[in-house]
Each structure stands twice: as structure tokens, then as C-alpha cells.
There are 2 protein chains.
Amino acid sequence: MAAIRPSIGPMPGPKRSAGNRRITIKEVARAAGVSPTTVSLSLNGRAAEVGVSQARVEDIRRIASELGYRPSLLGYSIRTDKTRLVGALVRNNAKERFFNLAAYEFLLGLNERLEAADHSMCVVRLGDIEDEAASPGRLFREHWLDAVVAVGPVGEDLAAKVNQAVPATVLLDGAFWRDQRCLMRDERAAGRLAAQSLADAGRKRLVWVPGVRRASRALEDRWQGVQDLARERGLPLTVAEHGYVAQVPEADFVPEAGLVAYNSVVASRLGHLAAMLGRRPGADVGIASCEDSHELGRTWPELTRVQFDRFAMGVAAAEMALALIADPQADCPSRLLAGGLIAGKTA
Amino acid sequence: MAAIRPSIGPMPGPKRSAGNRRITIKEVARAAGVSPTTVSLSLNGRAAEVGVSQARVEDIRRIASELGYRPSLLGYSIRTDKTRLVGALVRNNAKERFFNLAAYEFLLGLNERLEAADHSMCVVRLGDIEDEAASPGRLFREHWLDAVVAVGPVGEDLAAKVNQAVPATVLLDGAFWRDQRCLMRDERAAGRLAAQSLADAGRKRLVWVPGVRRASRALEDRWQGVQDLARERGLPLTVAEHGYVAQVPEADFVPEAGLVAYNSVVASRLGHLAAMLGRRPGADVGIASCEDSHELGRTWPELTRVQFDRFAMGVAAAEMALALIADPQADCPSRLLAGGLIAGKTA
DNA sequence: CTGAAAGCGCTTACAG
DNA sequence: CTGAAAGCGCTTACAG
């Protein structure tokens with residue numbers, strides 16, 4: 001006798017592991033003895049609006065939770081053309097993978113604000129779309145993202161590409177200014193402020209320590225600010241050598257000199273160099289940083305530095321993105337943020 | 001006369017902004033004069049297998065790209081029940097938001113490997129599911145994730161919850177050991193190694209600098225390792241006070257003493273403290289760190305520390321996750337990684 | 001070699 | 001007050 005086999009329909013459907021069977025809205029409907037329509041309406045709080053009885057709603061709610069029903073956002077998304085997913089564009093290629101770990105603080109702020117609005121954040125590597133030939137990031141290709149926040153030094157060409165793939169695009173700490181959808185720090189003011197703290201402390205000459213070779217808007221602007229101040233105060237200004245690890249000659253670790261660190265990594269480097277030389281920052285040499293990071297607050301709270309709240313900027317960028325998702329034509333005037341000086345003891 | 005209005009079907013479909021109309025497979029099919037089936041087959045490289053002629057395939061490819069067709073993964077996902085999205089669980093709540101910024105290095109490694117396999121990474125906050133009452137993370141609720149990598153101190157209860165929501169779960173640098181799907185560093189060995197470098201350098205007593213109050217497996221294990229070595233070598237061992245910013249009495253910055261930093265943040269703090277006191281690490285006091293970070297390599301390459309390649313661990317975790325996506329029953333033996341000593345000049 | 005059709009899990013306009 | 005049906009963009013078993 002032939003074995004009895006269940007008849008198999010034309011389309012068996014996706015295989016799921018037995019232990020993880022997904023409960024769908026249909027099954028909830030069957031269990032509750034109503035239609036999928038009623039379940040959907042009840043679960044989405046549109047019951048009153050349409051007029052489903054309160055008792056039914058509670059019944060359905062209870063049954064859904066007993067069954068362990070969790071809505072599939074895929075169903076929702078394909079229907080509404082919204083994924084509630086926002087991409088965070090970050091630089092992460094082989095060469096400059098660790099270029100700026102402080103970027104993570106931006107991401108934390110972004111993520112926090114997005115989750116509060118029931119959206120989620122996906123990380124997309126910048127290298128992906130910079131070079132069209134290289135795999136251009138499936139998230140972009142494949143219509144996953146409701147919006148994108150580009151984090152870090154993104155130029156006009158790249159921004160245009162991103163914008164084409166995902167119209168709702170915000171630039172956070174980007175490489176150029178535009179009047180809309182752009183969040184930047186006033187780097188020139190930051191450079192000036194750092195240099196000023198050293199001049200005010202009585203240093204007789206300034207040393208600019210870029211630490212990195214790579215040109216960027218932030219570097220150029222901070223450098224401009226430092227030059228501005230040196231000129232105004234009539235202070236001599238020299239430049240330390242660049243390199244992967246900043247090196248500054250011992251002759252510059254002297255009380256007359258004020259070292260201006262380009263960013264928080266370089267600042268920390270200067271502190272450690274001073275330690276290795278036995279020179280006390282503040283007492284034996286002046287040090288100030290154009291940039292702050294949360295980590296500096298924990299590792300070197302005494303450092304004189306210009307404030308930079310990346311977390312708050314991430315939150316602000318998320319808000320722009322959410323506004324654009326709600327209304328693609330939303331007015332999002334750009335913001336240029338000025339950081340104050342954290343006084344410290346090292347200038 | 002009444003204005004002529006286009007007849008409107010029962011379901012107008014999602015609204016898209018005019019400038020951003022999505023090209024679907026149907027439109028490509030129409031333009032190419034074939035059926036959607038043929039387009040799908042051709043574009044997914046299954047043409048030869050099924051027997052679509054080479055000429056047709058090239059035709060379709062060309063037309064699709066002329067039209068600017070980009071497949072919607074939503075369509076693919078709902079059909080196949082795979083999103084190719086992997087969640088990275090990170091700790092980000094108001095209290096411990098910046099607990100360990102170095103976690104970002106894990107994420108970079110994860111992301112890199114996932115993208116290479118055409119998957120993407122979404123960041124999910126840990127706080128979301130720790131407290132059921134708090135919004136429990138839509139990504140978990142809503143069947144978005146093919147796999148999850150939990151990053152950082154995740155305990156057994158939490159791991160069980162995560163596992164229930166998403167069966168394919170990997171623990172990266174978690175709070176407990178298990179034989180499968182777990183990637184950890186041998187912290188006890190790390191503590192021992194750091195302490196040993198100081199003993200070998202001739203320090204007569206050791207000072208353990210935890211820097212943080214929060215207990216964790218990593219902290220306990222490193223502390224054990226330090227104690228092991230102190231006992232073996234018969235060296236006195238004291239503990240510095242905890243706090244948000246590590247403080248160590250000036251009396252401990254002396255040549256007889258070897259300071260053992262719990263992690264890279266504390267190590268950096270010790271370097272800056274030494275600087276402020278005018279004591280030279282290595283010459284005037286011994287300092288070694290149980291942990292390394294990429295940033296330390298740039299800010300304090302001279303530091304004696306135990307290696308910790310988070311990027312590589314992120315890559316390894318991504319590989320486990322991918323294996324589990326391919327086969328939910330895949331054998332993923334856990335790995336305990338031992339870091340070597342980076343000699344440096346400060347012990 | 002190719003196409004019509006079913007179906008994934010939802011939402012919603014429409015008809016009762 | 002409630003349900004049957006259409007449709008979002010795909011993939012694939014099946015029939016020609």
C-alpha cells in the first residue's frame with residue numbers, strides 16, 4: 001500500500017524551523033473567531049475609530065498575547081512602503097577604519113533618539129558608495145532606508161549620490177556647508193578658542209599639532225582659527241610634524257610654548273608624551289585641545305579643551321531625519337554649533 | 001462639465017513622492033516585453049539553470065539598468081523570510097551610555113564582515129529588553145533580525161530572552177561562559193600578564209586600579225589574575241579607590257610601585273595623572289594595562305599592555321552569526337582568546 | 001524556453 | 001459593526 005502523503009499545494013511557503021513558528025494575524029483571527037481585518041484594526045488602536053466593540057478588542061488582545069503573536073514589520077513595510085529604518089553612514093574602510101572612534105558618540109545619540117520614535121538605526125559603511133565599483137551597500141540599493149544620516153567628512157559629490165539613493169538625507173559633521181539638513185560645529189571658532197586659552201595663560205609662542213596628514217574641513221577650519229588668533233596676538237606659530245602617532249620635539253615642551261591639539265586623540269597623545277618626558281602640562285608646558293570627547297572627560301578632566309557634545313548632535317540629526325520622514329519637504333534649517341571652552345588646568 | 005478624473009481602483013497603494021518613483025520588476029518586464037518571472041530569473045543568475053536564452057538575459061539586464069531598477073529587498077524578504085539584517089546588541093542607556101566606547105571597535109569588525117557577506121547590521125539598545133516594561137525593541141518584536149550578536153556584559157537571563165526572540169544568537173565578550181556561540185577573552189590571563197610585566201620590571205609592590213565601581217566578569221577575572229601573580233611572586237598588593245575618574249594617591253607614583261590598570265580608559269587616566277604630577281611612566285613609576293584599544297596605539301604606543309583586538313573578535317562573531325543563519329543547527333564551538341603582551345616602555 | 005498564478009504578512013477601501 | 005478582497009514587490013512550482 002502506498003504511504004499516505006499530505007497533498008502539497010502549489011507553493012509550500014518559506015521553511016521555518018519547527019520551534020520558531022511564526023504566529024500570523026490570520027491565526028489570531030481564527031482563534032478569536034473574527035476576520036484578519038478586525039484583528040488588524042483592534043491591534044492598531046483603530047478600533048474605536050471604526051467601531052469595533054470594546055469587548056471584542058480586549059478578547060482579541062488577550063488571545064493575541066496568549067498565542068505569542070508578534071507582528072511582522074515586513075508585512076507592514078511592504079504595505080506602507082516605510083521600514084522605519086534609518087541608515088547611519090560611517091567611514092569604515094581598510095585604510096581609515098579607526099580614523100575617529102569618537103564617531104561612536106554620534107551614533108549613540110542618533111540611535112537613542114530614533115528608538116524613542118520607534119525607528120531603528122542601521123550602520124552603512126561609507127566606502128560602499130564612495131567607490132561605485134565597490135559593492136554599493138545593499139541597504140541603499142534595495143530601498144531599505146527611510147532616511148540617512150551621513151556621519152563625518154562627507155563631500156558634495158558623495159552627498160549628492162546619497163541623496164539620490166535616499167532623498168531624506170541629513171549631514172552630520174560633514175565636509176561642507178549647506179543651508180538645509182546640515183549639522184556642523186563652528187570649527188574655526190573652536191581653533192581660535194583653544195589657541196586663545198593658551199595666549200591668555202601667558203604662553204609666548206604657539207605650536208599647532210595636527211597629528212594627522214589627511215586634510216579635512218575640520219582640520220582646515222581649526223587651523224584657520226589658530227592662525228587668526230596668533231596673528232591678532234602677535235604670537236609666533238609653528239607646526240609639528242604629522243604622522244600616525246603625533247610626535248612633538250622635546251624643545252617644544254617648555255613653559256613658553258602652548259601646544260594646540262587638533263583633536264582629542266592628538267590631545268591625549270600630547271598628555272602621554274608630556275608624561276614620558278616628565279613635563280607637567282600647565283606648569284611646564286601649555287596644552288589645549290580644539291575638540292572634546294566623552295573619553296577625555298574620564299581620562300584627562302584637567303585638560304583645557306573646547307566642548308563638543310557629539311551625543312547631543314546625534315540626537316539633533318535624528319530629529320531632522322524624523323522630520324523628513326514625516327514630510328519629505330520639511331523645512332530643516334542647518335545649524336552651526338559653537339562650543340564653549342572647558343577651562344581645565346593645562347593651558 | 002464635470003472634470004475628468006482618472007478612475008480610482010479599490011486600493012490606491014502607498015504614496016510615493018513623484019520624484020522618487022520606484023521601478024518594480026513588473027515595469028522592467030513590460031519594457032522588456034517578457035514576464036516578471038523571466039526578469040526575476042535573469043536578474044538572479046538562475047537563467048542558465050532554467051534555460052533562459054543568453055540574449056534575452058542581456059537584454060533584460062540592460063533595460064533594468066536603463067530604467068534604474070533597484071530590487072526591493074522587502075519583496076525578497078517577505079517571500080523568503082530572510083532580511084539579511086543582523087542585530088548588534090549594545091549597552092546604551094542613560095546611566096552607562098559611554099561605559100565603554102571601545103565597543104565601537106567590535107561593531108566595526110562585525111559590520112565589515114557582515115557587509116562582505118551582503119548582510120547589514122542594525123544597532124539595538126540593550127536596555128530595551130533588559131526591562132520588559134520599557135519599550136522592548138521593535139526589531140525584536142517584529143521579526144526583523146536573522147541573527148543577533150550581543151556585545152558586552154550580557155548575563156544568562158538576558159541571553160535567554162534574546163535567544164527566545166531570535167534563536168541565532170552569538171555572545172561577544174559576554175558576562176558568562178557557555179560551550180557554544182560565545183566569544184570571550186581570557187581575562188584572568190590578561191590580568192596576570194599585566195601584573196607579571198610589572199613584577200618582571202622589578203616593581204616591589206602592585207596597585208590595582210579598577211577605576212570603576214561596577215562589577216563585571218571582566219573586572220573580576222582580571223583582578224583574580226593580578227592576585228594570582230602577586231601571590232606567586234610574594235608582592236604586596238593594594239587597591240586604589242574607585243570612581244568615575246580614577247584617582248590614585250601621589251604616594252603610589254613611585255619607582256617601587258607598579259600600577260595595574262583595569263582597562264584602557266583607566267590606563268590612559270594613569271598616564272595623564274603621571275603627567276600632571278611630573279612622574280615619568282617607566283622611569284618614575286610602573287604602569288601596565290590589562291586591556292588594549294586601537295586608540296591607545298595612537299595616543300600612548302609606549303604603554304605596556306595586553307593585546308585585545310576587538311575588530312578581529314567582531315569579525316569572528318559575525319562569522320558565527322552567518323553560520324547560524326545558513327544553518328540554525330550549525331556547530332559553533334565557543335572560543336576563549338588569549339592576548340599577548342605588547343611590551344612597551346612603561347612597566 | 002516562458003508565463004500565469006499563488007503566496008509571503010500585512011493594511012484598508014469598500015460592500016454588506 | 002464586520003468580513004471578503006485587493007494589493008504592496010517579490011520568488012517559484014507548475015503548466016504549457
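Chain letters run A, B, ... following the sequence lines, proteins first and then strands; every chain starts at 1. In this text the structure is predicted, and so the values were computed from the model without any measurement.
Listed by first and then second residue, the salt bridge (Lys or Arg N to Asp or Glu O under 4.0 Å) pairs involving residues 57-67 of chain B are B:Asp59-B:Arg62, B:Arg62-B:Glu66 (not counting sequence neighbours). Applying the salt bridge (Lys or Arg N to Asp or Glu O under 4.0 Å) test to pairs two or more places apart or on separate chains, those with a residue in residues 314-325 of chain B are B:Arg113-B:Glu319.
A donor-acceptor distance shorter than 3.5 angstrom exists from the side chain of A:Ser334 to the backbone of A:Arg178, with no hydrogens or angles considered. The main-chain N or O of A:Pro36 is never found under 3.5 Å from a side-chain atom of A:Ser40 such that the two would form a donor-acceptor pair.
The residue among B:Gly75 and B:Gly33 whose nearest nucleotide of DNA chain C lies closer to the 5′ end is B:Gly33.
D:dG9 atom P lies 11 Å from atom CD1 of B:Ile23, rounded to whole Å. The interatomic distance linking B:Leu41 (CG) with D:dT12 (C1') rounds to 8 Å, in whole Å. Atom C1' of nucleotide C:dC10 and atom CD of A:Glu27 are separated by 14 Å, given to the nearest angstrom. At whole-Å resolution of the value, CD in A:Gln54 and C1' in D:dC1 are 14 Å apart. Distance NZ (A:Lys26) to P (C:dC10): 10 Å, rounded to an integer number of Å. Distance, B:Asp59 CG to C:dC1 P: 16 Å, rounded to whole Å. In this structure, B:Arg70 atom CZ and D:dG9 atom P are separated by 13 Å, rounded to whole Å. For the pair A:Trp144 CH2 and D:dG9 P, the interatomic distance rounds to 15 Å; values are reported in whole Å.
Proximity note for B:Thr24 (side chain, C-beta onward) versus C:dC10, D:dC10, D:dT12: the nearest is D:dC10. Considering only side-chain atoms of B:Ile25, the nucleotide from D:dC10, D:dG3, C:dG9 that sits closest is D:dC10. The side chain of B:Thr37 sits closest to C:dG3 out of D:dC8, C:dG3, D:dA5. For B:Ile78, whose side chain is taken as the heavy atoms from C-beta onward, the closest listed nucleotide among C:dC10, D:dC8, C:dC8 is C:dC8. Of the candidates C:dT2, D:dT12, D:dT11, D:dT11 carries the atom nearest the B:Asn44 side chain, counting heavy atoms from C-beta on. Side-chain atoms of A:Arg46 lie closest to C:dT12 of the nucleotides D:dT12, C:dC10, C:dT12.
Note on A:Thr38: a side-chain N or O is less than 4.0 Å away from OP1 or OP2 of D:dG3. Residue B:Ser35 places at least one side-chain N or O under 4.0 Å from the OP1 or OP2 atom of C:dG3. Distances shorter than 4.0 Å separate some side-chain N or O of B:Tyr69 from OP1 or OP2 on D:dC10. Put simply, A:Arg56 has no side-chain N or O that comes within less than 4.0 Å of OP1 or OP2 on D:dC1. Phosphate proximity of D:dT11 to B:Ser40: present, with a side-chain N or O under 4.0 Å from OP1 or OP2.
Comment: B:Asp146 does not engage B:Arg84 in a salt bridge, judged by the lack of any side-chain N to carboxylate O separation of less than 4.0 angstrom.
For the strand DNA chain C, secondary-structure stems (runs of at least three Watson-Crick or G-U pairs, all distances below 3.5 Å) span C:1-3 with D:14-16, C:5-12 with D:5-12, C:14-16 with D:1-3.
In this pair, B:Tyr104 and A:Tyr104 present their aromatic rings parallel. The plane angle is below 30°, not in the 30 to 60° band.
Contact check for B:Val90 versus B:Leu107: side-chain heavy atoms found under the 4.5 Å cut-off.
A distance of 5.0 Å separates CZ of A:Phe176 from CG of A:Leu171, quoted to the nearest 0.5 Å.
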